[in-house]
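Reviewing the structure listed below.
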There are 2 protein chains.
Amino acid sequence: MKLSRKCEYAFLALIDIAQHSDELVKISKISERQNIPKKFLEQILLMLKGSGYLTSRRGANGGYKLATDSEEITVAEIIRLFDGALAPVGSASENFYEETPIEEHEELLSIFKEIRDYVAEKLENTTIADLIEN
Amino acid sequence: MKLSRKCEYAFLALIDIAQHSDELVKISKISERQNIPKKFLEQILLMLKGSGYLTSRRGANGGYKLATDSEEITVAEIIRLFDGALAPVGSASENFYEETPIEEHEELLSIFKEIRDYVAEKLENTTIADLIEN
DNA sequence: ATGTTCTCTATCAATTTAGTAGTCTTTAGA
DNA sequence: TCTAAAGACTACTAAATTGATAGAGAACAT
């Protein structure tokens with residue numbers, strides 16, 4: 001797993017929106033506060049909305065808010081949405097499995113599966129709510 | 001960290017060479033046994049040699065062998081050589097640090113640092129010798 | 001000499017990444 | 001009802017990375 005910019009921005013945006021849960025948050029506000037290119041951010045929010053994490057309202061006074069409680073959005077889900085597999089190699093992935101050369105080599109493969117297990121367990125048990133400082 | 005083909009092939013080649021430590025192993029033999037495109041494999045072996053993991057002899061009866069004991073080559077080193085950082089994000093990397101957007105966000109960053117620590121510890125303590133079945 | 005084998009550099013097509021651009025649709029409020 | 005504000009949607013693009021391939025050269029054994 002290697003985090004793309006898009007995914008990093010997605011986290012910053014989700015955290016920003018979660019921290020302003022009493023209002024509809026505008027793209028331009030998130031863009032300013034988190035230093036994310038606005039047009040790029042649009043696409044990211046659209047993806048998050050498309051996957052059910054956000055709802056929005058258009059027009060004057062429009063903006064975004066969380067569709068669900070911030071405790072129900074895990075870090076793992078967001079990474080899988082933007083960057084795919086958590087495992088270091090396709091053949092060790094459960095959700096994004098694909099054949100790769102080392103597959104036949106059990107010893108090597110099992111190391112990467114252990115890493116996958118650790119990472120998945122950790123990220124599936126961390127939510128956006130956990131990321132908000134109080 | 002996401003393993004490239006090149007890196008996967010490098011592991012298979014190192015293991016193959018380690019398993020034939022009594023002889024000079026030819027590129028073409030590794031290519032056949034491990035199903036690695038020959039010209040691609042050449043580059044990989046050259047990198048491994050350049051970094052001091054292999055020595056070679058040219059000409060008839062030439063080939064490659066390990067420059068050091070297989071117990072002294074760690075999985076971590078090889079991944080760092082071919083794919084760079086073990087950490088999931090540049091700002092959490094010790095060896096390949098770079099600035100990234102989430103950097104300011106301590107809570108998020110610390111999660112990725114924990115992953116980096118686990119992965120580094122594990123891969124630094126696994127050597128090519130550990131990968132050879134007996 | 002000759003064939004074998006490693007060495008080195010260049011090139012390349014496809015994919016991914018990190019955006020930018022422009023148009024359309026919806027909404028609130030004057 | 002007009003208008004400005006804001007999200008929705010689609011297309012495009014430049015640069016980097018990936019996964020190779022190509023070909024000429026140098027060293028070595030026989």
Side-chain angles (χ1 to χ4, degrees), chain A residues 1-13 17 23-32 34-51 53-65 67 79 81-85 89-90 96 98-102, chain B residues 1-13 17 23-32 34-51 53-65 67 79 81-85 89-90 96 98-102:
Chain A
M1 163 203 33
K2 173 74 200 297
L3 285 208
S4 63
R5 278 298 152 101
K6 210 165 194 167
C7 190
E8 289 196 49
Y9 289 149
F11 282 117
L12 295 178
I17 293 168
E23 52 181 300
L24 282 177
V25 187
K26 296 190 212 323
I27 294 178
S28 56
K29 279 294 170 196
I30 304 172
S31 169
E32 281 168 29
Q34 307 297 329
N35 236 283
I36 305 172
K38 196 186 164 201
K39 293 298 267 179
F40 199 25
L41 180 58
E42 280 184 20
Q43 295 175 23
I44 293 164
L45 295 177
L46 234 32
M47 278 189 71
L48 289 169
K49 186 192 175 187
S51 297
Y53 298 107
L54 299 175
T55 57
S56 63
R57 205 172 67 206
R58 302 214 257 197
N61 303 332
Y64 283 92
K65 67 184 183 69
I79 293 178
L81 175 61
F82 286 94
D83 296 333
V89 67
F96 297 85
E98 57 178 343
E99 276 186 39
T100 84
I102 64 159
Chain B
M1 165 203 30
K2 173 75 200 297
L3 284 209
S4 63
R5 277 300 150 101
K6 211 165 193 166
C7 191
E8 289 195 49
Y9 290 148
F11 282 117
L12 295 178
I17 293 167
E23 51 181 300
L24 282 177
V25 187
K26 295 191 212 324
I27 294 178
S28 56
K29 279 292 171 197
I30 304 172
S31 168
E32 282 167 29
Q34 307 298 329
N35 236 283
I36 304 173
K38 195 185 163 202
K39 293 299 267 181
F40 199 24
L41 180 58
E42 282 183 15
Q43 295 174 24
I44 293 164
L45 295 177
L46 234 34
M47 277 188 72
L48 288 169
K49 186 191 176 186
S51 298
Y53 298 107
L54 299 175
T55 57
S56 63
R57 204 172 67 207
R58 303 213 258 196
N61 302 333
Y64 283 93
K65 68 183 182 70
I79 294 178
L81 175 60
F82 287 94
D83 295 334
V89 67
F96 297 86
E98 56 178 343
E99 276 187 38
T100 83
I102 63 160

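Since we're looking at a predicted model, the values are computed, not measured. Below, each value reflects all heavy atoms present in this structure, side chains not excepted, and no hydrogens, waters or symmetry copies. Residue numbers begin at 1 in each chain, while the letters A, B, ... track the order of the sequences.
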Atom-to-atom span, [atom1] of [X] to [atom2] of [N] - whole angstrom:
X        : N       : atom1 : atom2 : result
Arg58(A) : dG7(D)  : CZ    : P     : 11 Å
Glu98(A) : dG19(D) : CD    : C1'   : 14 Å
Leu24(A) : dT26(C) : CG    : P     : 18 Å
Glu42(B) : dT4(C)  : CD    : P     : 16 Å
Leu48(B) : dT7(C)  : CG    : P     : 12 Å
Phe40(A) : dA18(C) : CZ    : C1'   : 5 Å
Asn35(A) : dG19(C) : CG    : P     : 11 Å
Lys38(B) : dG23(D) : NZ    : C1'   : 13 Å

Practice task
State which residue, out of Glu42(A), Lys38(A), Lys39(A), fulfils the side chain to side chain contact (heavy atoms under 4.5 Å, CB included) condition with Ser31(A).
Solution key: Lys38(A)
Which one, [options], comes nearest to the side chain of [X]?
X        : options                  : answer
Gln43(A) : dA11(D), dC9(D), dC6(C)  : dA11(D)
Arg5(A)  : dG19(C), dT21(D), dA8(D) : dG19(C)
Pro37(A) : dA8(D), dG19(C), dT21(D) : dG19(C)
Ser4(A)  : dA18(C), dA8(D), dA10(C) : dA18(C)
Ala60(B) : dG3(C), dG7(D), dA10(C)  : dG3(C)
Lys39(A) : dG23(D), dC9(D), dT7(C)  : dC9(D)

Please confirm whether the shortest side-chain N or O distance from [X] to OP1 or OP2 of [N] is below 4.0 Å.
X        : N      : answer
Ser56(A) : dA8(D) : yes
Asn61(B) : dT5(C) : no
Lys49(B) : dT7(C) : yes

Problem - Residue met sooner reading DNA chain C from 5', once Lys6(A) and Gly59(A) are mapped to nucleotides - result: Lys6(A)
Handout entry: Annotated protein contacts, base or backbone, on nucleotides 11-16 of chain C with a non-hydrogen cut-off under 4.0 Å, one of B, S, - each
Key = ------
Starting at [atom1] of [X], measure out to [atom2] of [Y] and round the result to the nearest 0.5 Å.
X        : Y        : atom1 : atom2 : answer
Ser56(B) : Leu48(B) : OG    : CG    : 11.5 Å
Met1(B)  : Asp83(B) : CE    : CG    : 9.0 Å
Glu8(B)  : Ile36(B) : CD    : CD1   : 10.0 Å
Leu41(A) : Lys29(A) : CG    : NZ    : 13.5 Å
Phe82(A) : Tyr9(A)  : CZ    : OH    : 13.0 Å

Practice task
Evaluate the side-chain proximity of Asn61(B) to Leu24(B): yes if any heavy-atom separation is below 4.5 Å, no if none is.
Solution key: no
Handout entry: Heavy-atom check, side chain of Leu45(A) versus side chain of Ile30(A), under 4.5 Å
Key = yes
So what does [X] hit on the nucleic acid, given a heavy-atom distance under 4.0 Å: a base, only sugar-phosphate, or nothing?
X        : answer
Tyr9(B)  : sugar-phosphate
Leu45(A) : nothing
Lys26(A) : sugar-phosphate
Leu46(A) : base

